[in-house]
Amino acid sequence: MTKHVVIIGAGIVGAATAIELLRDGHAVTIVEPGQPGGRQAASYGNSGWLSPASIIPMSMPGLWKKVPGMMADPAGPLAIRWHHILRLAPWLLRFVAAGATVAKVERTAGILSTLLHDAPERHEKLAQEIDRADLILRKGLIYAYPDRAAFDAEALAWSLRRKNGVAFRELSPAELHAVEPNLDRRYSFGVIVEKGGHCVDPGGYVAAIVAHAVGLGAKLIRAKVTGFELTGQKLTAVQTETNAIVCDRAVIAAGIHSKDLATLAGDTVPLESERGYHVVIHRDIAKGTMPIMPGDGKMGNNPTLAGLRIAGQVELATSSDEPDWARADILLRHAKRTYSDLLTPFDESRIDRWMGHRPSTPDGLPVIGRSSRTADIVYAFGHGHVGLATGPVTGCLVADLIAGRPSPIDLTAFSASRF
Ligand SMILES: Cc1cc2nc3c(=O)[nH]c(=O)nc-3n(C[C@H](O)[C@H](O)[C@H](O)COP(=O)(O)OP(=O)(O)OC[C@H]3O[C@@H](n4cnc5c(N)ncnc54)[C@H](O)[C@@H]3O)c2cc1C
């Protein structure tokens, strides 16, 4: 039976969910305070990678030994605002525990693989469906290393990828520099994941998905959801700052802000912001044409429509703390060391800097499933580092939950009650 479903949040997860619910014939209302896919959303500023290889969690065995060195390095990929350490401690302990053994990492990689293995194809199909096939490219994804020893240092990650069916091919120095002639000669070893894809305008893509959903009959309301109205265990309405929207079901897809809404729905989820940054160097200046992840920079580089986007960094703070733009400048400095065409000084006033929030659980897995308080509220958040890639599959899983269809994927690992 069709329902009236309110989707809370118009990032990639909410947008892709809207399309799947409309496909099932539901009446859909999307509630979003900002522009769909706007700068407030993680979905706007990410690296745009759609990689079946992104199955390796951030927490790996021995990480706790490396963290002090990483944090002592002011140009390193990880930073923490120390005055938050007591509040963050429980999340951090769970995070380290989640990757404490190879067996745990193997399990996480296997689960993430169920969400990521066909992510590029799913995006390709979705982009065609909304008539924006131009936004998803399938040129492959390159992981570049200074040398083979640097690649070998990540042997566990690459063996887990192989084990989970991720196909990759080694590139000789000549092949690597033929694929991306602007890449600095310092990189002499590469790997290409040929099945991978990338999105050349993540924010525009999300906006286009939402516009398509509206064209198919979805309602878009510019408001912030503040709570839920229930009669017994039946959801009757979603409250916003100004009114109540009568509905049968609600989907919480509010990115980092999902935590408070999940609390209202009966679940305490350890969701924290792994803040990330990007810089976009105008395409008149940066000529790179391939998505590249330099192993020594821990960042995802993407030739977007606006220019070369360099995205990365993990900064543990709150979602309300002011950005630390020095983190974005680290990315810019690294970009200058990565591409030979950026060695010549250029007009840096044209660089766009952005900071946003990866909605991250400590075990690196999203929260997808029904709430404890009522089966009428469905969770779709906590996708951390892989939310763009896994948005479409999440939309399908949510649609199955709302239709009462059996899920093609075991959802136990994504349940909010695992914490
Ligand atoms: C630097 C960086 C690089 C990344 N690179 C990649 C990558 O290459 N590939 C990849 O797959 N992922 C990547 N990610 C992760 C990815 O961007 C996120 O996981 C994903 O965008 C999360 O999508 P979302 O829809 O859950 O949340 P968001 O995109 O944050 O959207 C949530 C929306 O909910 C709205 N909202 C909040 N509160 C409310 C409320 N109370 N009522 C109504 N609406 C509300 C917000 O305004 C927002 O628009 C990266 C992230 C960062 C920060």
Side-chain angles (χ1 to χ4, degrees), residues 6-18 29-54 77 112 115-116 119-120 123 141 196-199 202-203 205-207 209-210 220-227 238-241 245 250-262 264 271 273-279 291 293 298-302 304 309-315 319 327-328 331 354-361 366-368 379-395:
V6 169
I7 299 175
I8 306 167
I12 183 64
V13 176
T17 300
T29 300
I30 305 167
V31 187
E32 162 64 58
Q35 290 283 354
R39 288 182 82 95
Q40 81 287 351
S43 301
Y44 171 89
N46 52 64
S47 308
W49 277 47
L50 311 171
S51 179
S54 299
L112 283 177
L115 300 180
L116 280 161
H123 278 280
L141 298 164
H198 70 285
C199 177
Y205 178 47
V206 171
I209 300 170
V210 172
L220 175 63
I221 295 180
R222 293 288 289 273
K224 183 176 162 193
V225 169
T226 52
V238 159
Q239 296 158 348
T240 72
E241 281 166 321
I245 305 168
V251 180
I252 301 181
I256 189 60
H257 302 287
S258 303
K259 181 177 178 168
D260 294 344
L261 294 169
L264 296 173
L271 191 74
S273 170
E274 282 187 71
R275 294 157 44 122
Y277 291 80
H278 84 210
V279 289
M293 194 169 286
K298 305 278 173 241
M299 61 219 202
N301 304 347
N302 178 355
T304 65
R309 177 181 288 189
I310 315 285
Q313 291 283 310
V314 169
E315 183 188 40
S319 53
R327 309 306 310 171
L331 294 170
W354 172 88
M355 186 277 291
H357 306 282
R358 298 181 189 89
S360 296
T361 60
V367 180
I368 305 169
Y379 297 141
F381 61 86
H383 295 70
H385 291 246
V386 294
L388 179 70
T390 55
V393 67
T394 302

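Sequence positions, counted from 1, serve as the residue numbers for this chain. When a ligand or atom number is given, it counts from 1 through the structure's own listing order. Keep in mind that this is a model prediction, so the values were computed, not measured.
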Q: Using a 4.0 Å heavy-atom threshold (strictly under), name the region of Gln40 that reaches ligand 1: side chain, backbone, both or neither.
A: side chain
Q: Answer yes or no: does an N/O atom from Gly387 fall short of 3.5 Å to an N/O atom of ligand 1?
A: yes
(Q) Closer than 4.0 Å to some heavy atom of Ile12 - which atoms of ligand 1 meet that? (A) 23 (O), 25 (O)
Q) With only distance considered, is Asn46 within less than 3.5 Å of ligand 1 through an N or O on each side? A) yes
Q: If you have a sec, work out which protein heavy atom is nearest atom 15 (C) of ligand 1 and how many Å separate them, to one decimal?
A: Gly384 O, 3.0 Å
Q: Please name the pair of heavy atoms, one in Asn301 and one in Trp49, separated by the smallest distance, quoted to 0.1 Å.
A: O-NE1, 3.4 Å
Q. What about Ala42: any of its N or O atoms under 3.5 Å from an N or O on ligand 1?
A. yes
Q) Less than 3.5 Å between some nitrogen or oxygen of Gly45 and one of ligand 1, yes or no? A) no
Q | Residues which pass side chain to side chain contact (heavy atoms under 4.5 Å, CB included) with Gln40, listed by chain and number, not counting sequence neighbours | A | Glu32
Q | Within-cut-off N or O pair, Val13 and ligand 1, under 3.5 Å | A | yes
Q | Where ligand 1 meets Tyr277 - atom numbers and elements under 4.0 angstrom, heavy-atom basis | A | 1 (C)
(Q) Below the 3.5 angstrom mark, is there an N/O of Gly356, backbone or side chain, next to an N/O of ligand 1? (A) no
(Q) Counting non-hydrogen protein atoms only, what is the nearest one to atom 47 (O) of ligand 1? Give residue, atom name and distance. (A) Glu32 OE2, 2.7 Å
Q: Compare all side-chain heavy atoms of Val386 with those of Leu115 and state whether any distance is below 4.5 angstrom.
A: no
Q. What part of Tyr44, side chain, backbone, both or neither, has a heavy atom within less than 4.0 angstrom of ligand 1?
A. neither
(Q) Polar contacts were defined as any N/O atom of the residue lying under 3.5 Å from an N/O atom of the ligand; does this apply to Leu388 and ligand 1? (A) yes
Q) Cut-off 3.5 Å, side chains only: do Gln35 and Tyr44 have a donor facing an acceptor? A) no
Q: Measure the distance from atom 39 (C) of ligand 1 to every protein heavy atom, then report the residue, atom name and distance (to 0.1 Å) of the closest one.
A: Ala254 CB, 3.8 Å
Q: Among all protein heavy atoms, pick out the one at the shortest distance from atom 27 (O) of ligand 1; state its residue, atom name and that distance to 0.1 Å.
A: Gly255 CA, 3.4 Å
Q: State, yes or no, whether a side-chain contact exists between Pro77 and Met299 at a heavy-atom distance under 4.5 Å.
A: no
Q. Quick one: salt bridge (Lys or Arg N to Asp or Glu O under 4.0 Å) partners of Glu274, sequence neighbours excluded?
A. none
Q) Among protein heavy atoms, which lies nearest atom 5 (N) of ligand 1, and at what distance? A) Ser47 N, 3.0 Å
Q) Does an N or O from Ala389, backbone or side chain, lie closer than 3.5 Å to an N or O of ligand 1? A) yes
(Q) Please find the pair of heavy atoms, one from Leu331 and one from Gly312, that lie closest to each other, and give the distance. (A) CD1-N, 3.8 Å
Q. Shortest non-hydrogen contact from Ser51 to Leu116?
A. O-CD2, 3.7 Å
Q. Mind checking whether Thr390 has an N or O less than 3.5 Å away from an N or O of ligand 1?
A. no
Q: Report yes or no: does Gly48 have a heavy atom closer than 4.0 Å to ligand 1?
A: yes
Q) Tell me: protein heavy atom nearest atom 23 (O) of ligand 1, and distance? A) Ser43 OG, 3.2 Å
(Q) With heavy-atom distances below 4.5 Å as the criterion, would you say the side chains of Glu241 and Pro33 are in contact? (A) no
**Q.** 4.0 Å heavy-atom contact, His278 with ligand 1
**A.** no
**Q.** Numbered atoms of ligand 1 (with element) below 4.0 Å of Val386, judged on heavy atoms
**A.** 10 (C), 11 (O), 12 (N)
Q. Any nitrogen or oxygen of His385, main chain or side chain, under 3.5 Å from a nitrogen or oxygen of ligand 1?
A. yes
Q. Which residue supplies the protein heavy atom nearest to atom 44 (N) of ligand 1, what is that atom called, and how far is it?
A. Pro33 CD, 3.1 Å
(Q) Quick one, Ile30 with Val210, criterion side chain to side chain contact (heavy atoms under 4.5 Å, CB included). Give me CA distance, side-chain angles, the key distance, then yes/no. (A) CA-CA 9 Å; Ile30 305 167; Val210 172; 4.1 Å; yes
**Q.** Location of contacts on Ser258 toward ligand 1, heavy atoms closer than 4.0 Å
**A.** neither
Q: Identify the protein heavy atom lying closest to atom 51 (C) of ligand 1, giving its residue, its atom name and the separation to 0.1 Å.
A: Arg358 CG, 3.4 Å
